[in-house]
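I have placed the structure first, in the form of structure tokens, so that the comments after it can refer back to it.
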Protein chains: 2
Amino acid sequence: MNLQNLSTGKKPTRIQREKTGKILDAALDVFSRFGFRGATLDQIADQAGLSKPNLLYYYNSKEDLHNELLAQLMDKWLEPLEKIDPIGSPIDEICSYVCRKLELARDFPRESRLFANEIIQGAPRIADSLTGPLKTLVDEKAALISAWAKAGRIADVDPYHLIFSIWSTTQHYADFDTQIRSVMEDNYASRFEGAENYLSHMFRSTLAI
Amino acid sequence: MNLQNLSTGKKPTRIQREKTGKILDAALDVFSRFGFRGATLDQIADQAGLSKPNLLYYYNSKEDLHNELLAQLMDKWLEPLEKIDPIGSPIDEICSYVCRKLELARDFPRESRLFANEIIQGAPRIADSLTGPLKTLVDEKAALISAWAKAGRIADVDPYHLIFSIWSTTQHYADFDTQIRSVMEDNYASRFEGAENYLSHMFRSTLAI
DNA sequence: GTCAAATCTGACCAAATAGTCAAATAAAAT
DNA sequence: ATTTTATTTGACTATTTGGTCAGATTTGAC
């Protein structure tokens with residue numbers, strides 16, 4: 001964003017709050033469906049109900065807009081992992097983490113797909129976040145899980161691959177939703193209920209001593 | 001493809017075999033990295049070592065080329081699931097399936113990403129394959145797994161969610177490779193070895209009675 | 001109501017893009 | 001060697017795309 005009043009430290013106006021909200025929502029929709037290069041500013045502007053120059057009044061470039069979305073996303077995406085509590089019961093903590101990730105996939109599928117698109121395409125715009133905050137947090141929680149394993153409180157599994165399996169199985173319900181709808185058909189409506197049951201069983205079995 | 005000799009039933013020429021091979025390889029590279037709309041014919045032609053009009057001599061349109069890749073892919077992608085043998089030992093059969101999928105992710109990451117891109121973006125070009133051959137095969141194998149569960153030979157898990165968890169955990173190593181490299185760093189080189197160990201443990205635990 | 005700041009628009013530009021085509025060149029068949 | 005067929009190219013078109021800009025319009029503080 002590059003608005004005069006903001007860059008001089010003033011508060012955003014009512015219109016700025018309304019319009020940037022609509023823009024970000026439309027951008028999330030379009031970027032998450034087509035990826036960065038496949039999305040067009042015309043489409044985003046259309047969906048947000050503005051003209052393209054008006055959109056560019058709020059965000060100076062396509063890349064600016066995309067970066068804003070990714071920046072907002074990263075925090076929300078790391079939060080569930082942060083919440084794993086060293087004090088709690090290991091298996092419950094990890095299963096709660098699975099549930100939180102599954103809720104994210106259910107409630108924020110567009111965000112999940114935006115992230116997936118970015119990673120699949122080589123993460124050119126969030127490489128720093130991956131090697132920085134993400135890696136730091138994962139290393140920390142992996143150490144915790146290893147400690148639990150060493151103390152004999154959960155099975156001795158590789159914590160990194162455990163985390164990958166949690167990420168992949170939960171995000172799958174957002175990112176591959178189209179495929180799931182095609183395959184499940186009848187039971188599609190209850191997919192998240194079914195997923196919670198299945199994943200709960202799977203990770204409890206995996207971690208049981 | 002729309003070449004005169006082929007459409008009159010003749011054999012492909014040496015040049016046709018060579019050039020279409022190079023084109024498909026380049027197209028796989030570019031489509032898998034940028035998605036359909038993000039990929040450009042110029043980039044594909046460049047990478048294949050031809051001029052764009054020359055590329056369009058072999059494939060009449062961008063969509064033709066993309067469809068050809070998807071068509072070739074679908075068979076290879078379903079094969080591991082087809083191989084699950086009703087006669088074999090249930091847990092071994094399913095674990096072998098996991099291994100085969102993991103090998104696909106390791107040996108054909110571009111194909112995996114092409115597929116992922118297509119699904120994430122709503123599968124507009126393979127919707128028929130999903131509701132047709134894919135669903136048919138999944139239904140068949142899900143019934144087999146249910147039968148095994150009912151016979152008490154594996155744990156009573158939902159076969160669809162089991163299959164989803166196999167797809168997601170294995171493909172993750174191809175589709176999210178960038179993220180895995182960022183997070184694992186030191187152990188990145190042995191990621192598939194580690195994945196095989198971890199996933200073998202996870203699915204054996206999940207299915208154990 | 002006035003005025004400055006904020007918001008919006010239409011017309012515009014340069015680059016990129018999918019696709020065409022007539023004509024030139026290379027291969028293969030005779 | 002000739003002729004037919006396959007292959008390649010450069011020059012081209014129409015459209016889409018990200019982005020600019022001067023000026024018009026609206027908003028909000030006073």
Side-chain angles (χ1 to χ4, degrees), chain A residues 1-24 26-27 29-31 33-70 121 124-125, chain B residues 1-24 26-27 29-31 33-70 121 124-125:
Chain A
M1 250 192 289
N2 182 25
L3 300 166
Q4 292 179 11
N5 60 333
L6 293 185
S7 57
T8 58
K10 292 180 187 166
K11 284 183 182 177
T13 68
R14 170 185 57 87
I15 292 177
Q16 279 166 10
R17 263 178 286 119
E18 288 173 9
K19 294 292 166 76
T20 54
K22 285 185 182 178
I23 291 170
L24 288 174
D29 232 70
V30 176
F31 279 128
R33 274 192 305 176
F34 301 110
F36 181 75
R37 283 180 57 172
T40 75
L41 290 182
D42 291 281
Q43 207 178 342
I44 296 171
D46 258 22
Q47 202 165 316
L50 305 84
S51 65
K52 184 167 56 172
N54 198 3
L55 187 161
L56 285 161
Y57 168 72
Y58 290 99
Y59 294 93
N60 292 320
S61 71
K62 188 182 181 182
E63 205 159 325
D64 263 25
L65 181 52
H66 193 252
N67 285 342
E68 177 66 25
L69 283 174
L70 289 177
Q121 305 190 359
R125 279 165 281 273
Chain B
M1 251 193 290
N2 182 25
L3 300 166
Q4 292 179 12
N5 60 333
L6 292 185
S7 58
T8 58
K10 292 181 187 166
K11 285 184 183 177
T13 67
R14 170 185 56 86
I15 291 176
Q16 280 166 9
R17 263 178 287 118
E18 288 173 7
K19 294 292 165 77
T20 55
K22 284 185 184 180
I23 291 171
L24 289 174
D29 232 70
V30 176
F31 279 128
R33 274 192 303 174
F34 301 109
F36 180 76
R37 282 179 57 173
T40 75
L41 290 182
D42 290 282
Q43 208 178 343
I44 297 170
D46 258 22
Q47 201 165 317
L50 306 86
S51 65
K52 183 167 58 174
N54 198 2
L55 186 162
L56 285 161
Y57 168 73
Y58 290 98
Y59 295 92
N60 292 320
S61 71
K62 189 182 180 181
E63 204 159 325
D64 263 24
L65 181 51
H66 193 252
N67 285 342
E68 177 68 24
L69 282 175
L70 288 176
Q121 306 190 358
R125 281 164 281 272

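Values reported hereafter were calculated over all heavy atoms of this structure, with side chains retained and with hydrogens, waters and symmetry mates removed.
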Interatomic distance, Gln43(B) CD vs dG19(C) P [rounded to whole Å] = 16 Å
Report the relative orientation of the aromatic rings in Phe36(A) and Phe31(A); use parallel for angles under 30°, tilted for 30 to 60°, perpendicular for over 60°.
-> parallel
Watson-Crick or G-U pairs under 3.5 Å in DNA chain D, rendered as dot-bracket with [ ] for crossing pairs and | for another strand = ||||||||||||||||||||||||||||||
Is any side-chain N or O of Gln16(B) closer than 4.0 Å to OP1 or OP2 of dT7(D)?
-> yes
Closest non-hydrogen atoms of Thr40(B) and Val30(B), given as atom of the first, atom of the second and distance, are N-CG1, 4.3 Å
CG of Asp42(B) versus C1' of dA18(C): gap in Å, rounded?
-> 9 Å
Does the side chain to side chain contact (heavy atoms under 4.5 Å, CB included) test come out yes or no for Leu65(B) and Tyr58(B), once each step is laid out?
-> CA-CA 9 Å; Leu65(B) 181 51; Tyr58(B) 290 98; over 6 Å; no
Between Gly35(B) and Gln121(B) the two heavy atoms that sit nearest each other are CA-NE2, 4.3 Å
Listed nucleotide nearest any side-chain atom of Pro53(B), set dG19(C), dT20(C), dT17(C) = dT20(C)
Please name all residues satisfying side-chain hydrogen bond (donor to acceptor under 3.5 Å, both in side chains) with Glu63(B), sequence neighbours left out, ordered by chain then number.
-> none
Which nucleotide in the set dT8(D), dT17(C), dT17(D) lies at the smallest distance from any side-chain heavy atom of Arg37(B)?
-> dT17(D)
Do Gln43(B) and Phe34(B) come close enough that some side-chain heavy atom pair is under 4.5 Å?
-> yes
Nearest non-hydrogen partners of Ile23(A) and Leu50(A), listed with the distance = CG1-CD1, 4.0 Å
Check every strand shown and say whether Ala39(B) touches a base, only sugar-phosphate, or nothing at a heavy-atom separation below 4.0 Å.
-> sugar-phosphate
Answer with yes or no whether Lys52(A) presents, from its side chain, a donor or acceptor under 3.5 Å of a partner atom in the base of dG18(D).
-> yes
Given dT8(D), is OP1 or OP2 found less than 4.0 Å from the side-chain N or O atoms of Ser51(B)?
-> no
May I have the distance from Glu63(B) (atom CD) to dT17(C) (atom C1'), rounded to whole angstrom?
-> 15 Å
Using only side-chain N and O atoms of Arg14(B), determine if any of them is under 4.0 Å from OP1 or OP2 of dA6(D).
-> no
How far apart are the closest heavy atoms of Arg37(A) and Lys62(A), and which atoms are they?
-> O-NZ, 3.8 Å
Round to the nearest Å and state the distance from Lys22(A) atom NZ to dC8(C) atom P.
-> 10 Å
Over how many whole Å does the gap from Glu18(A) atom CD to dT26(D) atom C1' extend?
-> 14 Å
At under 4.0 Å, does any side-chain N or O of Thr13(B) touch on OP1 or OP2 of dT7(D)?
-> yes
Over how many whole Å does the gap from Leu55(B) atom CG to dT9(D) atom P extend?
-> 12 Å
Which part of the nucleic acid, if any, lies within contact of Leu56(A), taking any heavy atom under 4.0 Å across all strands shown: a base, the sugar-phosphate backbone alone, or nothing?
-> base
Leu41(A) side chain, from C-beta outward: closest of dT17(D), dC8(C), dG18(D) | dG18(D)
Side-chain N,O (Asn54(A)) to OP1/OP2 (dT9(C)) below 4.0 Å | yes
In whole angstrom, give the distance that lies between atom OH of Tyr57(B) and atom C1' of dA22(C).
-> 15 Å
What integer distance in Å separates His66(B):NE2 from dA18(C):C1'?
-> 15 Å
First encountered from the 5' end of DNA chain C, between Gly38(B) and Leu50(A) = Leu50(A)
